[in-house]
Protein chains: 2
Amino acid sequence: MNLGDRKKLILQAIIEDYINTAEPVGSRTISKKYLTGTSPATIRNEMADLEEMGYIEQPHTSAGRVPSDKGYRLYVDEIMEQKRLNDVQTDLIKKQFLDTLGEIDRLVKNASKLLSQMTQYTSIILTPQLKRTSVKQIQLLSINNKTVLAVIVTDAGIVKNCVLRVMSDVSSELLEKLNNMLNSKLVGLCMEDLQSLSLDDIARNTMPHGEIIEQLLPELIQTLIYSDTVDIHLDGAANILNLPEYCDIQKAKSFLNVLEEKELLFNVLSKSDSDMNVSIGTENQYEQFHNCSLITATYKINGKTIGSVGVIGPTRMEYSKVISIVDCMTHNLSEILTKILKG
Amino acid sequence: MNLGDRKKLILQAIIEDYINTAEPVGSRTISKKYLTGTSPATIRNEMADLEEMGYIEQPHTSAGRVPSDKGYRLYVDEIMEQKRLNDVQTDLIKKQFLDTLGEIDRLVKNASKLLSQMTQYTSIILTPQLKRTSVKQIQLLSINNKTVLAVIVTDAGIVKNCVLRVMSDVSSELLEKLNNMLNSKLVGLCMEDLQSLSLDDIARNTMPHGEIIEQLLPELIQTLIYSDTVDIHLDGAANILNLPEYCDIQKAKSFLNVLEEKELLFNVLSKSDSDMNVSIGTENQYEQFHNCSLITATYKINGKTIGSVGVIGPTRMEYSKVISIVDCMTHNLSEILTKILKG
DNA sequence: GTTAGCACTCGTGTTTATCGAGTGCTAATT
DNA sequence: AATTAGCACTCGATAAACACGAGTGCTAAC
């Protein structure tokens with residue numbers, strides 16, 4: 001299983017050259033640019049071995065070699081050296097977050113934009129999800145006599161609004177009572193708990209306002225749950241058209257179409273639970289990504305995972321660079337979000 | 001200036017055929033498919049006239065004719081008959097809105113998605129903008145001792161949150177006083193007024209809490225103004241790759257790049273103040289759209305324009321169809337938004 | 001005013017030839 | 001035994017040559 005050192009060097013050369021050029025790389029190139037001490041013929045022999053082992057492939061007889069998914073995997077796991085971001089890049093990311101105090105969604109979207117700019121691939125990002133966060137405070141406000149606004153603050157510091165319509169008028173005293181009641185019943189519950197919450201549990205103990213509660217609560221909960229549908233945000237979709245593998249309009253189109261399947265992206269991204277995940281070509285669960293690679297990572301508030309970001313690119317991706325960037329990004333994002341929460 | 005009837009028919013034939021096929025259309029085609037009673041030669045003569053008048057163009061000597069921007073303009077203004085949506089399509093739009101009770105942003109984004117699906121072009125939409133709406137109610141909530149949440153309800157029924165950090169602790173009594181004060185001072189002002197609001201005016205009359213107000217108010221206003229930056233939402237960008245004019249990857253790329261210039265799109269869309277605007281090719285203010293056409297329209301709450309939607313496509317756009325769809329869409333959108341507001 | 005006929009243009013698609021990068025294999029070299 | 005030089009072979013890419021045909025403008029006849 002363990003390749004010889006020279007084989008590794010050759011595989012590394014093939015992969016890194018292919019990442020740069022998108023052209024099959026031949027023995028002569030390697031001999032000239034990477035292993036200057038070794039003749040093409042020797043390299044050819046090694047390459048034949050590497051091909052037999054499945055790390056590289058030949059598009060056609062008279063072409064150079066191209067890395068296979070298996071090859072990229074070995075490269076990511078064992079060969080590539082983790083590139084460190086230079087200070088300029090790190091600062092860029094940090095500065096980005098300093099500029100974006102304010103709404104969390106905007107923060108997250110800006111992160112996505114920067115991510116696509118820095119990587120030159122397509123970035124996707126999942127806006128914070130509240131499932132695992134709990135209700136900290138609820139405040140009902142009367143908008144007009146038939147409309148009530150519920151503001152919910154979660155322990156992750158995220159604020160959600162629900163506009164609720166009620167049949168009968170709600171006086172301000174009643175509103176306050178309802179408010180207290182809701183707080184006493186719901187505070188501390190996480191979004192998931194809300195889903196399974198039985199209406200009876202609440203209504204039973206609040207006879208006087210039973211009918212209002214019965215009207216209001218389901219709508220409140222439903223809106224909350226519904227509004228928890230996280231948003232997928234994309235950036236840099238056009239970047240992929242710079243890549244030679246998408247010079248074929250058909251391929252470009254199918255790629256872009258995949259990017260518009262928001263549910264698919266959601267699944268892919270929300271599945272990623274480990275801190276950093278690299279999925280190469282056919283390793284990917286979904287067929288649509290079989291000739292892409294996907295690097296995903298999660299970001300957290302107070303240690304709780306609440307969202308994730310990802311970069312989609314060709315299997316010929318600058319893994320080392322992208323991983324560093326995504327890593328730096330999620331860490332900064334987590335840090336700033338946690339800081340915002342704590343005030 | 002006024003073309004003969006036959007010239008109009010021929011122009012119409014050229015435009016409609018070109019819209020369908022994206023191929024230059026020749027005299028023979030017109031004679032066979034559109035003006036069966038007239039010979040190709042006659043049509044050629046007419047076409048020569050139309051070309052001289054600038055309504056059509058010839059890509060190269062031995063090709064058919066292609067409409068010019070001027071030609072499309074005439075077509076839109078005088079020739080084309082307003083297509084009426086069939087019931088299925090109208091229902092689709094109406095049903096769409098029924099399904100999407102809840103958050104306004106989501107509603108608007110879904111509208112955009114449907115728009116791109118129905119037109120098969122790219123749709124853009126501006127989320128509701130509050131500049132012209134006024135503050136109806138403000139409620140401060142304490143999140144923790146250093147953080148205050150301000151919830152602002154506008155007269156358009158849109159809710160905005162601002163998370164404010166304050167230096168010194170704020171007791172609940174103080175919070176209530178501040179709350180009352182803010183309401184008395186700010187309610188009724190529109191977002192634009194807020195911008196020019198002098199801090200002194202407020203602080204002067206509220207000596208006891210001067211320093212808190214001085215801290216809190218600017219941040220509140222700034223966040224409000226900042227959060228009023230409307231969001232641009234895109235859908236169906238990949239649709240344009242189905243069009244033969246974008247088979248050239250370079251063109252496709254430059255188009256997609258334009259779509260990622262959010263500020264540009266914002267300008268284009270927010271400039272559109274009339275109910276329905278068609279801008280064809282070089283008519284467009286921005287060079288980037290010189291070989292696109294843009295159909296924009298506004299939507300309203302209670303008669304106040306608060307946002308706009310648009311469709312971007314090739315100059316060879318199905319104007320009639322798209323105009324109908326956009327029209328139906330904005331009217332329904334306005335209606336449902338107004339209804340939501342009124343409860 | 002309309003139409004038929006015809007020579008001309010020019011983009012498109014096809015065929016054919018050439019080129020060259022890269023390979024695998026064998027034999028010579030270290 | 002590992003490395004390397006040499007060589008015949010493969011095959012995609014590029015370019016040149018060519019035929020095709022859709023479409024035009026013009027002229028002359030209807």
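Residue numbers start from 1 in every chain, and the chains themselves are labelled A, B, ... in the order their sequence lines are given, proteins ahead of strands.
Within the structure, every pair that satisfies the ring-ring contact (aromatic ring centres under 6.0 Å, His included) test and touches residues 65-84 of chain A, not counting sequence neighbours, is listed here: A/Y72-A/Y319. Identified under the salt bridge (charged side-chain N to carboxylate O under 4.0 Å, His left out) test for residues 79-91 of chain B, with sequence neighbours left out: none. Counting only residues at least two apart or on different chains, the ring-ring contact (aromatic ring centres under 6.0 Å, His included) pairs with a member in residues 251-271 of chain A are A/Y246-A/F255.
Per the geometry, NE2 belonging to B/H60 stands 14 Å off P belonging to C/dT9, to the nearest Å. Between the P atom of D/dT4 and the CD1 atom of A/I43 lies a distance of 9 Å, rounded to the nearest Å. With rounding to whole Å, A/R6 atom CZ is found 8 Å from D/dA2 atom C1'.
Under the rule for a salt bridge (charged side-chain N to carboxylate O under 4.0 Å, His left out), A/R28 has no partner lying at least two apart in sequence or in another chain. Under the rule for a salt bridge (charged side-chain N to carboxylate O under 4.0 Å, His left out), the partners of B/E245 that lie at least two apart in sequence or sit in another chain are B/R316. For A/S324, the side chain to side chain donor-acceptor pair (under 3.5 Å) test picks out no residue, with sequence neighbours left out. Shown here are the salt bridge (charged side-chain N to carboxylate O under 4.0 Å, His left out) partners of B/D49, two or more places apart in sequence or in another chain: B/K7.
Residues from residues 14-23 of chain A lying near DNA chain C, meaning a heavy-atom separation below 4.0 Å, are absent.
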Contact state string [nucleotides 22-30 of chain D, B base, S sugar-phosphate only, - no protein heavy atom under 4.0 Å]: BSBBB----

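Contact between B/P59 and B/A63 at its shortest, heavy atoms only, is CD-CB, 4.2 Å.
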